[in-house]
Amino acid sequence: MSQIVTRIAPSPTGYMHIGTARAALFNWLFARHHNGRFLLRIEDTDRSRSTPEATEAIYRGMKWLGMDWDGEAISQFARADRHADVAHQMLANGTAYKCYATKEEIDAFREAAREAGRPPLFLSPWRDSAETPDLPYVIRLKAPRDGETTINDVVQGTVTWKNETLDDMILLRSDGTPTYMLAVVVDDHDMGITHIIRGDDHLTNAARQSQIYTAMGWDIPVFAHIPLVYGPDGKKLSKRHGAMGVEEYQAMGYYPDAVMNYLARLGWSHGDDEFFTMKQAIDWFRLEDVVKSPARFDFKKLENLSGQHIRAADNETLLAKLEEFLSATGQTDLTDAQKRLMFAGMDGMKERAKTFPELLEMAHFILGTRPFVPDEKAAKLLDTVSRGMLNRLTSRLRGVSWTHDILEAEIRAFAETEEIGLGKVAQPLRAALTGRTISPSVFDMMVLLGKDESIARLEDASV
RNA sequence: GCGCCCUUCGUCUAUCGGUUAGGACGCUAGGUUUUCAUCCUGGAAAGAGGGGUUCGAUUCCCCUAGGGCGUACCA
């Protein structure tokens, strides 16, 4: 078989829908699995919505998720002349006709049909007319009225429609611009798309589009209509559910590979594998393993996967991703000194975080500055009794060598002297060191911070 | 209305006629632990309903119910 070519064709709406990202992912996985090409086409025929910024949002979303496309993105709008040209070719070869029916006539036809209990499909009187009045017209496909149209869909199987349920769709509007139906077919054909992988809301379109391919004598690509994703309540995904746009997921601080991992598992599976890299997904991906039923979005599972990916990431990559998060959300960059400490302390922080905001929370002892004002819970731990205890501990620590093992031994011994559990020492110590009740190991933090800084923080807290 | 698609634990899914219906998230009981998290062990939890076909159906077929998508001079 010749090289496989897939595409994602989003329309620029100002953000990249998470469902679009998933369709892109399946196309991308499939193309990469087969060493094929994955193309990007911007469906920017709606001029009012198609701004450079909206297109930029798509690029950003794709890049953040790590999906690279081959060649330059193609503008559908720029190809309008070619689309019109094809419509006229169809006119010439008799597979399309000029229809002079007005909007009012069509509406009246539909209404009458509905009242009579007949299908509201418009049957144009101009279909077989030889007349060519000097009036505005649209070009309609002369779709077959008898027989059936069948598509062989890799995911949906063989799906058949009676042609009488499909009408003569408009290809070229009266103002000479192409409709979506025409444009996709022409573009997909010209771009050499071999496999069309898209949401199953396009299933019916596939039948109508295949009629255009047939009319032009073009090869029909392989269709794969993947099930849609809904919100946690089974309703269409909307703002109400928290997030629709890819950038919102980025802003919430999910690890990008985890979003991809999660999206891939919605409707596709490889045995019992739940956690995997994109490299593995590319290796495993087969259209045959995509299910037909729709899935609901589960933020809990996404969060869990994000945690797994953060834990599995090497510290250097993780730090880079964190910086990307910081800049994407407009937060201040890390200084070199902070980066060094973050890198050194990453092991202790990453296993405690599922998202970047949580990672940042764990890094408070590095990113914050003295004096560390305790939050409400931490303040409770630093009562008079604890501060006295901390004072005694501090003077004892002034004389010791600052290594993890020595500090641990020293503090454990101190707890015994005080006749309290280690926890009773560690918690106030943590509060003094970070102003929080949650953090990485106190011993690890002290080593990372160094003796002077640690002692200084303890002194701050004992006042 | 018509057309098409879907239906296994709460959620995502495995099962390609014969399984104690498996895994994951979540939930829950316990263990490890300086907090949190991680990690480890256990538990509850599913074939929409009804007909067939078959020695045997979650699996194949039909009907019903429920859900979704489409039915534009939108994409």
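Quick note on labels: first sequence line is chain A, next is B, and so on, each numbered from 1. What you see below is based on every heavy atom in this structure, not just the backbone, and it leaves out hydrogens, waters and symmetry mates.
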Checking base pairs now: Watson-Crick or wobble, both atom distances under 3.5 Å. What partners [N]?
| N | answer |
| --- | --- |
| B:rA21 | none |
| B:rU32 | none |
| B:rC9 | none |
| B:rU54 | none |
| B:rC27 | B:rG43 |
| B:rG70 | B:rC2 |

Below 3.5 Å, does any donor atom in the side chain of A:S293 face an acceptor in the base of B:rU7, or the other way round?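 Looking at the base of B:rU7, it does not pair with any donor or acceptor on the side chain of A:S293 (distance under 3.5 Å).
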
* Asked: Any donor-acceptor pair under 3.5 Å joining the side chain of A:R430 to the base of B:rU34?
  ->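 Present.
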
For nucleotides [N] and [M], find the distance between their [atom1] atoms and express it as a whole number of Å.
| N | M | atom1 | answer |
| --- | --- | --- | --- |
| B:rU38 | B:rA45 | C1' | 26 Å |
| B:rG67 | B:rC55 | C1' | 36 Å |
| B:rU13 | B:rG31 | P | 36 Å |
| B:rC27 | B:rG66 | P | 34 Å |
| B:rC16 | B:rG10 | P | 23 Å |
| B:rC6 | B:rA21 | P | 26 Å |
| B:rA14 | B:rC60 | P | 13 Å |
| B:rC5 | B:rC9 | P | 22 Å |

Does [X] reach a base, just sugar-phosphate, or nothing at all? Heavy atoms under 4.0 Å.
| X | answer |
| --- | --- |
| A:T13 | nothing |
| A:P440 | base |
| A:T45 | sugar-phosphate |
| A:K424 | nothing |
| A:G421 | nothing |
| A:L266 | sugar-phosphate |
| A:R412 | sugar-phosphate |
| A:A113 | nothing |
| A:R436 | nothing |
| A:S11 | sugar-phosphate |
| A:E351 | base |

[X] side chain: which of [options] is closest?
| X | options | result |
| --- | --- | --- |
| A:R265 | B:rC73, B:rC12, B:rU34 | B:rC12 |
| A:S174 | B:rC36, B:rG23, B:rC73 | B:rC73 |
| A:S269 | B:rA75, B:rU13, B:rU35 | B:rU13 |
| A:V291 | B:rU34, B:rC73, B:rU13 | B:rU13 |
| A:D272 | B:rU35, B:rG23, B:rC73 | B:rG23 |
| A:A295 | B:rG10, B:rA37, B:rU13 | B:rU13 |
| A:W161 | B:rA75, B:rC4, B:rA24 | B:rC4 |
| A:V159 | B:rC4, B:rU35, B:rA75 | B:rC4 |

Whole Å only: how far is the [atom1] atom of [X] from the [atom2] atom of [N]?
| X | N | atom1 | atom2 | result |
| --- | --- | --- | --- | --- |
| A:F299 | B:rU11 | CZ | C1' | 13 Å |
| A:L305 | B:rU11 | CG | C1' | 13 Å |
| A:N304 | B:rC12 | CG | P | 16 Å |
| A:L433 | B:rU34 | CG | P | 17 Å |
| A:I438 | B:rU34 | CD1 | P | 17 Å |
| A:K301 | B:rG10 | NZ | C1' | 13 Å |
| A:H225 | B:rG3 | NE2 | P | 20 Å |
| A:F223 | B:rC5 | CZ | P | 15 Å |

Short N/O separations, protein against nucleotides 69-71 of chain B, under 3.5 angstrom:
from   : atom 1 : to     : atom 2 : distance (Å)
B:rC69 : O2'    : A:D201 : O      : 3.3

When the ring centroid of [X] is compared with that of [Y], is the distance short of 6.0 Å?
| X | Y | result |
| --- | --- | --- |
| A:Y180 | A:F77 | no |
| A:H364 | A:F372 | yes |
| A:F285 | A:H33 | no |
| A:Y262 | A:W268 | no |
| A:Y59 | A:W69 | yes |

Ignoring hydrogens and geometry beyond distance, is a side-chain donor-acceptor pair present between A:R387 and A:S462 at under 3.5 Å?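 Side chains of A:R387 and A:S462: no pair found under 3.5 Å.
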
**Message:** Just by distance, no angles: are the side chains of A:D85 and A:H88 close enough, under 3.5 Å, to form a donor-acceptor pair?
**Reply:**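 No, no side-chain donor-acceptor pair sits under 3.5 Å.
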
5′-ward residue of the pair A:T179/A:K162 relative to RNA chain B: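 Nearest nucleotide further toward 5': that of A:K162.
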
Please compare A:S439 and A:K292 by the position of their nearest nucleotide in RNA chain B and report the one closer to 5'.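 Residue closer to the 5' terminus by nearest nucleotide: A:K292.
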
Check this for me: does any side-chain nitrogen of one of A:R82 and A:D187 sit under 4.0 Å from a carboxylate oxygen of the other?
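No, A:R82 and A:D187 are not salt-bridged.
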
task = Return the orientation label for the A:H17 and A:Y15 ring planes: parallel under 30°, perpendicular over 60°, tilted otherwise.
result =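 A:H17 vs A:Y15 ring planes: tilted.
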
Kindly assign one of parallel, tilted or perpendicular to the pair A:H309 and A:F275, based on the angle between their ring planes and the thresholds 30° and 60°.
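Rings of A:H309 and A:F275: tilted, as their planes differ by 30° to 60°.
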
Check: A:T6 side chain, A:H195 main-chain N or O, donor-acceptor pair, under 3.5 Å: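 Here the side-chain-to-backbone pair does not exist.
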
- Item | Phosphate OP1/OP2 of B:rA37: any A:K350 side-chain N/O under 4.0 Å |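 No, because none of the side-chain N or O atoms of A:K350 sits under 4.0 Å from OP1 or OP2 of B:rA37.
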
cation_pi(A:R22, A:F26) dist<6.0 Å, angle<=45: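 Yes, a cation-pi geometry holds between A:R22 and A:F26.
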
